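What follows is a short report on a single structure.
Given the structure is predicted, the values throughout are model-derived calculations rather than measurements. Reminder, nothing fancy here: chain letters follow the sequence lines and each chain counts from 1.
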Amino acid sequence: MLDIKLIRENPEKINELLQRRSPDLSVNEILEIDKQRRELQVKADNLRAQRKNASQDIGKLKKEGKDTEALQEQVRQMGEEIKDLEVQETELNEKQRDMLLNIPNIPDETTPVGRDESANIVIKTVGEIPHKSFEIKPHWDIGPELGILDFERGVKISESRFTIYRGAGAGLERAIINFFLEVHTKEHGYIEYLPPYLVNSTTMTGTGQLPKFKADMYKCEEEDLFLIPTAEVPLTNIYAGEILNEDDLPMYMTAFTPCFRREAGSAGKDTRGLIRQHQFNKVELVKLCTPETSPDEHEKLTCDAEKILELLELPYRRIALCTGDIGFSAQKCYDLEVWLPSSGCYREISSCSNFGDFQARRANLKYRNKATNKPEFLHTINGSGLAVGRTFAAILENCQQEDGSILIPKVLQKYFGAEIIK
RNA sequence: GGAGAGGUGGCCGAGUCGGCUGAAGGCGGCACCCUGCUAAGGUGUUAUGUGGGAAACUGCAUCGUGGGUUCGAAUCCCACCCUCUCCGCCA
């Protein structure tokens with residue numbers, strides 16, 4: 001959510017920045033609402049003040065035993081008028097909030113300008129693309145052949161985009177999760193969490209999934225609960241509505257969770273394999289920090305995710321997403337893409353975003369600034385560290401040997417308990 | 001799921017028959033003072049949000065949430081949420 005005061009003070013600037021995302025975005029309408037809203041508030045405030053004084057007078061007069069009928073009647077009418085104004089006030093407040101909740105974050109000045117992914121910029125490419133003497137089988141073929149993935153029966157017991165991991169497959173998935181968590185907690189200083197996988201609508205609004213992206217999520221019919229699409233949601237909201245000490249920042253959090261996404265609108269896309277599932281595992285990294293440190297912390301978090309790919313010796317590249325491609329809540333975002341031989345291209349395996357105070361404002365996440373001693377919105381950052389299923393697929397393909405066996409990356413062997421899957 | 005108790009500021013805790021109570025008192029925090037050091041002591045200060053104002057300053061709202069009664073609600077009524085205790089059920 002953008003700051004209404006900021007909008008009020010620099011509407012042209014905000015419009016210009018928003019239009020870097022999409023030309024049809026503007027804050028003009030909201031400014032009009034804001035103006036009406038404030039006028040109404042002044043009016044209502046004054047009337048409430050009048051009533052308050054009059055009521056107190058009635059109290060005093062009554063004590064003196066004087067007749068207050070006429071005054072009471074007058075105040076009663078005032079009350080009617082106030083009630084009326086309050087209805088309008090609530091309506092405008094809700095309208096304004098609703099509009100604010102549907103406006104995306106303004107892009108950072110360093111976010112490349114462009115309308116779609118073609119304007120994204122490759123920041124760096126790490127590792128050699130493997131040139132094998134044999135043809136690498138896609139993971140959706142090699143997985144079932146090794147008996148470690150069962151796509152067909154996953155579909156049978158659930159529906160499409162659900163997969164069963166079996167035997168060494170389940171073990172490898174678990175090993176990857178443990179490896180990720182181990183690196184982030186032991187080497188990178190994150191604290192591990194195990195949050196709820198179902199969260200309420202307030203929480204979903206805090207990080208920006210609601211109200212705009214309701215169709216992307218699984219919703220419980222009987223209660224106000226949604227399956228999390230990423231651990232970002234519960235982790236970022238843990239301290240929602242609280243005022244943290246500046247000394248407690250930055251806060252580094254990590255969690256392994258399954259993620260649930262309806263993938264509405266992705267019909268026909270990535271229909272084979274593990275790339276696009278309704279349920280997938282992910283280790284997420286989340287930071288809460290002060291505004292001053294957030295650009296640095298964002299870079300560092302991205303490096304923390306990259307470190308995993310380097311340890312696994314998987315070829316990858318870092319992309320700076322352009323204004324037309326960054327997510328709704330983000331002001332700046334890097335994608336990490338891993339080399340996937342079957343597709344002959346790099347595929348997203350992590351997305352590391354700096355949200356500025358956008359999520360903090362929605363979730364009411366503050367810290368007490370030591371210099372001013374005032375509560376201020378903090379900054380939130382997150383990134384995948386990494387998507388587990390896609391890592392699994394990348395290993396199956398990049399570490400494939402001519403005989404169809406999979407050579408487990410060295411760093412993973414002690415977690416997996418073997419060197420090879422065959 | 002059934003029965004009962006309760007939800008007040010960072011924390012603890014008052015709040016009488018509804019009326020200067022945004023809220024006593026204590027603890028904690030901060031600032032200053034005193035003291036050779038420490039300990040103790042003294043004084044002051046210390047909620048959040050949202051408006052108005054160049055500023056000084058100031059209005060309004062908030063006592064779990066939302067309604068209602070009333071001239072006036074932290075105090076009364078209703079609904080909901082949450083916490084605790086006991087019973088039941090259960091990985």
Side-chain angles (χ1 to χ4, degrees), chain A residues 1-10 30-101 194-206 210 220 222-226 234 237-249 251 258 288 357 359-378:
Chain A
M1 190 156 64
L2 298 180
D3 183 3
I4 187 65
K5 285 180 199 150
L6 198 72
I7 293 175
R8 221 179 271 156
E9 282 155 25
N10 335 267
I30 211 166
L31 269 176
E32 189 49 44
I33 298 291
D34 179 54
K35 197 177 152 212
Q36 288 177 31
R37 201 199 95 244
R38 281 184 299 154
E39 282 168 5
L40 204 68
Q41 188 186 331
V42 171
K43 213 164 146 188
D45 277 1
N46 289 339
L47 225 85
R48 275 189 285 257
Q50 261 185 59
R51 175 177 64 178
K52 200 170 164 183
N53 290 327
S55 293
Q56 280 168 1
D57 289 347
I58 291 172
K60 282 180 206 157
L61 290 172
K62 278 202 164 171
K63 249 178 213 161
E64 294 167 17
K66 293 187 178 150
D67 177 52
T68 56
E69 258 315 312
L71 191 52
Q72 280 187 35
E73 178 52 32
Q74 208 180 318
V75 179
R76 191 176 298 131
Q77 279 171 18
M78 224 181 266
E80 295 294 317
E81 205 176 329
I82 289 171
K83 207 172 272 182
D84 208 55
L85 287 176
E86 280 175 346
V87 170
Q88 295 177 53
E89 248 189 318
T90 310
E91 201 179 304
L92 282 179
N93 283 341
E94 278 170 8
K95 193 165 176 189
Q96 177 169 316
R97 182 172 163 79
D98 193 59
M99 289 173 85
L100 280 174
L101 285 176
L194 207 157
Y197 303 157
L198 286 165
V199 300
N200 61 34
S201 54
T202 304
T203 300
M204 282 296 187
T205 307
L210 286 179
C220 291
E222 303 296 339
E223 31 256 304
D224 177 35
L225 289 171
F226 297 79
N237 280 285
I238 286 175
Y239 295 100
E242 300 187 30
I243 300 169
L244 303 174
N245 292 320
E246 186 170 342
D247 289 337
D248 294 333
L249 302 178
M251 223 178 253
L288 308 181
D357 63 8
Q359 291 183 327
R361 186 166 271 114
R362 289 172 159 252
N364 196 220
L365 251 173
K366 297 187 163 181
Y367 76 103
R368 193 171 294 280
N369 185 315
K370 274 166 98 175
T372 63
N373 204 34
K374 290 269 187 298
E376 285 175 21
F377 290 111
L378 47 77

From [atom1] of [X] over to [atom2] of [N], roughly how many Å is that when rounded to an integer?
X: A:I33; N: B:rU50; atom1: CD1; atom2: P; value: 19 Å
X: A:Q96; N: B:rG49; atom1: CD; atom2: C1'; value: 14 Å
X: A:N53; N: B:rU58; atom1: CG; atom2: C1'; value: 14 Å
X: A:R48; N: B:rU58; atom1: CZ; atom2: P; value: 20 Å
X: A:N373; N: B:rU46; atom1: CG; atom2: C1'; value: 9 Å
X: A:D34; N: B:rU50; atom1: CG; atom2: P; value: 12 Å
X: A:K43; N: B:rG59; atom1: NZ; atom2: P; value: 22 Å
X: A:K374; N: B:rG49; atom1: NZ; atom2: C1'; value: 13 Å

Check: A:N200 side chain, A:T202 main-chain N or O, donor-acceptor pair, under 3.5 Å: yes
Distance-only, no hydrogens or angles: does the A:R37 side chain make a donor-acceptor pair with backbone N or O of A:N93 under 3.5 Å? no
The side chain of [X] lies closest to which of these nucleotides: [options]?
X: A:K5; options: B:rC60, B:rA47, B:rU50; result: B:rU50
X: A:A49; options: B:rC20, B:rC60, B:rG51; result: B:rC60
X: A:R368; options: B:rG51, B:rA61, B:rU48; result: B:rU48

Counterpart residues, salt bridge (Lys or Arg N to Asp or Glu O under 4.0 Å), relative to A:R51 (two or more places apart): none
RNA chain B in dot-bracket form (Watson-Crick or G-U pairs under 3.5 Å, [ ] crossing, | inter-strand) is ((((((((.[[[..)...(.....]]]((((((.......))))))((((((....)))))).[[[[[..)....]]]]])))))))....
Would you call A:E73 and A:R76 a salt bridge, using N to O less than 4.0 angstrom? yes
Atom [atom1], compared across [N] and [M]: separation rounded to whole Å:
N: B:rA23; M: B:rU48; atom1: P; answer: 14 Å
N: B:rA74; M: B:rG13; atom1: C1'; answer: 14 Å
N: B:rC20; M: B:rC32; atom1: C1'; answer: 31 Å
N: B:rA47; M: B:rG9; atom1: P; answer: 13 Å
N: B:rG29; M: B:rU83; atom1: C1'; answer: 28 Å
N: B:rU69; M: B:rG51; atom1: P; answer: 29 Å
N: B:rG6; M: B:rG25; atom1: C1'; answer: 22 Å
N: B:rG22; M: B:rU75; atom1: P; answer: 13 Å

Show your working on side chain to side chain contact (heavy atoms under 4.5 Å, CB included) between A:K35 and A:R8 and close with a plain yes or no. CA-CA 9 Å; A:K35 197 177 152 212; A:R8 221 179 271 156; over 6 Å; no
Point-to-point distance, once rounded to the nearest 0.5 Å, from OG1 of A:T68 to CD1 of A:I58: 5.5 Å
Intermediate values then yes/no, side chain to side chain contact (heavy atoms under 4.5 Å, CB included), A:L100 and A:I7: CA-CA 10 Å; A:L100 280 174; A:I7 293 175; 3.7 Å; yes
A:E81 and A:Q77: side-chain donor and acceptor closer than 3.5 Å? no
Has A:E91 got more than 12 heavy atoms of other residues, nucleotides or ligands less than 6.0 Å from its CD? no
Heavy-atom pair with the smallest gap, counting every atom of A:L71 and A:A54: CD2-O, 4.4 Å
What heavy-atom pair brings A:Y239 and A:L365 nearest, and what distance separates the two atoms? O-CD2, 3.4 Å
Might you list the N or O atoms of the protein lying below 3.5 Å from N or O atoms in nucleotides 69-75 of chain B, with each pair's distance?
{"unit_1": "B:rC71", "atom_1": "OP1", "unit_2": "A:R76", "atom_2": "NH2", "d": "2.6"}
{"unit_1": "B:rC71", "atom_1": "OP2", "unit_2": "A:R76", "atom_2": "NE", "d": "3.2"}
{"unit_1": "B:rC71", "atom_1": "O2'", "unit_2": "A:S55", "atom_2": "OG", "d": "3.1"}
{"unit_1": "B:rC71", "atom_1": "N4", "unit_2": "A:K62", "atom_2": "NZ", "d": "3.2"}
{"unit_1": "B:rG72", "atom_1": "O4'", "unit_2": "A:S55", "atom_2": "OG", "d": "3.2"}

Taking the nucleotide of RNA chain B with the nearest heavy atom to each, does A:Q50 or A:R37 sit closer to the 5' end? A:R37
Indicate whether OP1 or OP2 belonging to B:rA61 is found under 4.0 Å from a side-chain N or O atom of A:K52. yes
